[in-house]
> 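The structure follows.
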Amino acid sequence: MTSMSRARVARRIAAGAAYGGGGIGLAGAAAAGLVLAEVQLARRRVGNGTSPHVPHADGRYGPAYASPGQEPLRLTMLGDSTAAGQGVHRAGQTPGALLASGLAALAERPVELRTVATPGARSDDLDRQVALVLAAPDPVPDICVIMVGANDVTHRMPPTRSVRHLSSAVRRLRTAGAEVVVGTCPDLGTIEPVRQPLRWLARRASRQLAAAQTIGVVEQGGRTVSLGDLLGPEFAANPRELFGPDSYHPSAEGYATAAMAVLPTVCASLGLWPAEEERPDASRREGFLPVARAAAEAASEAGTEVTAAMPSGPRGPWALLKRRRRRRVPEQEPAPASPSN
């Protein structure tokens with residue numbers, strides 16, 4: 001599917017989500033059913049994880065940066081097993097811990113991490129997760145990172161419904177005062193036991209949803225980072241390193257790769273990224289595009305950020321597409337003396 005075709009499909013899905021339309025088939029109902037059956041078979045084959053246990057990573061990172069009278073930055077992870085960190089054994093290997101330690105180092109300020117992400121969650125669970133975040137006695141998070149979408153595809157949730165729930169979550173968090181970064185639907189075509197042609201169908205469905213998610217998120221004032229190809233060429237070329245023992249969830253190295261892609265956008269949303277890197281670089285094919293086209297391009301290239309850029313024009317809302325550099329973040333366990341719950 002071309003970028004322009006993907007943009008048209010993404011616009012239709014996002015419009016259906018915004019106006020309460022019915023489901024639009026990602027790869028056709030029959031194909032989606034085949035993808036579901038094959039992925040579920042693959043998950044049974046690999047056990048969907050060596051253990052349902054998810055390391056508890058909540059706590060304070062970067063305590064050495066503490067200074068009198070300064071509150072820590074607050075980072076909250078929402079979404080599914082990828083956001084929670086299923087598939088690794090140590091707290092410091094989860095994406096939340098990696099992002100918190102990286103953010104603390106760049107901000108030179110402690111970061112308080114809280115995780116409400118739930119393994120197996122679909123986008124309709126975000127309503128519950130956001131309620132947990134906003135009902136907490138603690139202040140509203142400075143930044144929320146959402147990773148969701150894979151289970152929506154494998155369980156055939158209508159994409160309009162999926163995007164509607166995600167957009168609502170972003171809107172509620174932004175209204176409350178939090179910055180929001182969404183890691184869009186990963187590429188399910190990289191799950192090792194899934195065979196062709198279903199691998200291609202899974203990839204197509206994943207990218208269509210990722211593009212539609214981007215439109216919905218940007219329209220609500222959030223930013224997106226494409227995770228699709230992070231779980232694509234790199235994972236396919238080196239699955240034993242970048243997938244965990246179950247061949248379904250990322251390994252510690254895989255989560256570090258994803259965290260490196262998301263961290264620059266997290267920092268930029270908080271005004272912590274170098275100003276010179278905020279300007280679009282034409283040599284890296286960055287620039288201003290209609291939001292649907294930016295969404296379609298981002299869905300095809302890992303680590304690509306999309307954020308709202310300027311008022312709507314004749315072709316609809318516009319967005320800034322950036323291909324930020326990836327930087328490895330240090331691994332750091334939370335300080336045991338200050339858990340967040």
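Since this is a predicted model, take the numbers as computed values, not measurements.
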> Work out which heavy atom in L73 is nearest to a heavy atom in L272; give both atom names and the distance.
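In terms of heavy atoms, the two residues are closest at CD1-CD1, 4.4 Å.
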> Looking at every non-hydrogen atom in both residues, tell me the closest pair between A210 and A299 and how far apart they are.
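Nearest heavy atoms, A210 then A299: CB-CB, 4.2 Å.
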> Can you tell me how far the CG atom of L126 sits from the CD1 atom of I146, to the nearest 0.5 Å?
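Answer rounded to 0.5 Å: 5.5 Å.
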> Any side-chain to backbone donor/acceptor pair from S269 onto V266? Under 3.5 Å, distance only.
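Here the side-chain-to-backbone pair exists.
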> I want to check something: taking the side chain as every heavy atom from C-beta on, are E219 and V217 in contact at a cut-off of under 4.5 Å?
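Of all side-chain heavy-atom pairs linking V217 with E219, none is under 4.5 Å.
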> First locate atom OH of Y61, then atom CG of L98, and finally report the distance between them rounded to the nearest 0.5 Å.
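Output value for this atom pair is 8.5 Å.
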> So do E179 and C144 actually touch side chain to side chain, heavy atoms under 4.5 Å?
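With C-beta onward as the side chain, the pair stays apart.
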> Would you find a donor on one side and an acceptor on the other, under 3.5 Å apart, between the side chain of T115 and the backbone of M77?
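No; judged by distance alone, with no hydrogens or angles, the pair does not exist.
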> Would a distance-only check, ignoring hydrogens and angles, find a side-chain to backbone donor-acceptor pair under 3.5 Å from Q213 to V148?
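It does hold such a pair.
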> Heavy atoms, side chains only, cut-off 4.5 Å: are Q220 and V180 in contact?
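Counting from C-beta outward, Q220 and V180 never come under 4.5 Å.
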> Any chance you could measure E297, atom CD, to L321, atom CG, to the nearest 0.5 Å?
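Spacing of CD (E297) from CG (L321) equals 6.0 Å.
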> Hey, quick one: are W273 and V182 part of the same hydrophobic cluster, counting side-chain heavy atoms closer than 4.5 Å, chains of contacts allowed?
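No, no single cluster joins them.
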> Do S162 side-chain atoms and P158 backbone N/O form a donor-acceptor pair below 3.5 Å?
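Not a single qualifying donor-acceptor pair exists.
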> Looking at A298, is its backbone amide N or carbonyl O close enough to the side chain of E301 to form a donor-acceptor pair, meaning the two atoms are under 3.5 Å apart?
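Not confirmed, E301 side chain does not pair with A298 backbone.
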> Can you tell me how far the OG1 atom of T82 sits from the CE atom of M147, to the nearest 0.5 Å?
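With rounding to 0.5 Å, OG1 (T82) is 7.5 Å from CE (M147).
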> Just verifying a value: how many Å separate S123 OG and M157 CE, rounded to the nearest 0.5 Å?
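Atom-to-atom, S123:OG and M157:CE are 6.0 Å apart.
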> Looking at every non-hydrogen atom in both residues, tell me the closest pair between A97 and A57 and how far apart they are.
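Closest pair (atom of A97, atom of A57, distance): CB-CB, 4.3 Å.
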> side-chain contact (heavy atoms from CB on, under 4.5 Å) between V181 and T224: does it pass, once the steps are laid out?
CA-CA 5 Å; V181 173; T224 63; over 6 Å; no
> Should R109 and E71 count as an ion pair when the cut-off is N to O under 4.0 Å?
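No, this pair does not count.
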> Would you check if the side chain of E286 reaches a backbone N or O of D281 as a donor-acceptor pair within less than 3.5 Å?
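At least one qualifying donor-acceptor pair exists.
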> Taking all heavy atoms of A121 and all of N151, pick out the closest pair and write down the distance.
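Nearest heavy atoms, A121 then N151: O-ND2, 2.9 Å.
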> Should R161 and D124 be marked as a side-chain contact (heavy atoms from CB on, under 4.5 Å) after you check the CA-CA gap, both sets of side-chain angles, and the distance that decides it?
CA-CA 8 Å; R161 181 181 170 202; D124 54 3; 3.0 Å; yes
> Give a yes or no on whether I215 and V170 share a hydrophobic cluster (residues Ile, Leu, Val, Met, Phe, Trp, Tyr; joining criterion: side-chain heavy atoms under 4.5 Å apart).
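Different hydrophobic clusters.
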> Are L78 and V133 side-chain neighbours, meaning at least one heavy-atom pair lies under 4.5 Å?
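Of all side-chain heavy-atom pairs linking V133 with L78, at least one is under 4.5 Å.
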> Identify the heavy atoms of A205 and V153 that sit nearest to each other, and give their distance.
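That would be CB-CG1, 4.0 Å.
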> Taking the side chain as C-beta and beyond, is there a heavy-atom pair between D138 and R74 under 4.5 Å?
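Answer yes - side chains close enough.
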> So, the side chain of Y255 versus the backbone of Q86: is there a donor-acceptor pair under 3.5 Å, distance only?
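Such a contact is found between Y255 side chain and Q86 backbone.
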> Determine, stepwise, if the pair T118 / R128 fulfils side-chain hydrogen bond (donor to acceptor under 3.5 Å, both in side chains).
CA-CA 11 Å; T118 304; R128 179 190 65 84; 3.0 Å; yes
> Is there side-chain contact between R60 and P110, with heavy atoms separated by less than 4.5 Å?
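Contact flag for R60/P110 side chains = yes.
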> Rounded to the nearest 0.5 Å, what separation is found between the CD atom of Q129 and the CG atom of L173?
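Q129 CD to L173 CG: 10.0 Å, rounded to 0.5 Å.
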> Is the shortest heavy-atom distance from the side chain of T94 to the side chain of V88 under 4.5 Å?
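Yes, close enough: below the 4.5 Å cut-off.
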> Any link between V111 and I143 through a network of hydrophobic side chains (Ile, Leu, Val, Met, Phe, Trp, Tyr) touching at under 4.5 Å?
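Shared cluster, yes.
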> Could you go through the side-chain contact (heavy atoms from CB on, under 4.5 Å) check for T76 and V145 one step at a time?
CA-CA 6 Å; T76 297; V145 175; over 6 Å; no
> Within the side chain of S167, is there an N or O that forms a donor-acceptor pair under 3.5 Å with the backbone of V163?
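Checking the backbone N and O of V163 against the side chain of S167, a donor-acceptor pair under 3.5 Å is found.
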> Counting N and O atoms only, with roles assigned by atom type, does the side chain of D80 sit under 3.5 Å from a partner on the main chain of P119, one being a donor and the other an acceptor?
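Not confirmed, D80 side chain does not pair with P119 backbone.
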> Decide, yes or no, whether a salt bridge links R122 with D125 under the criterion of side-chain N to carboxylate O below 4.0 Å.
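Looking at R122 and D125, the cut-off is not met.
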> Which heavy-atom pair separates C267 from L106 by the least distance, and what is that distance?
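That would be SG-CD1, 3.5 Å.
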> Is a donor on one side and an acceptor on the other found under 3.5 Å between the side chain of K322 and the backbone of G287?
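It does not hold such a pair.
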> Are the side chains of L289 and L320 in contact, using a 4.5 Å heavy-atom criterion?
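Result no, sub-4.5 Å side-chain heavy-atom pair not found.
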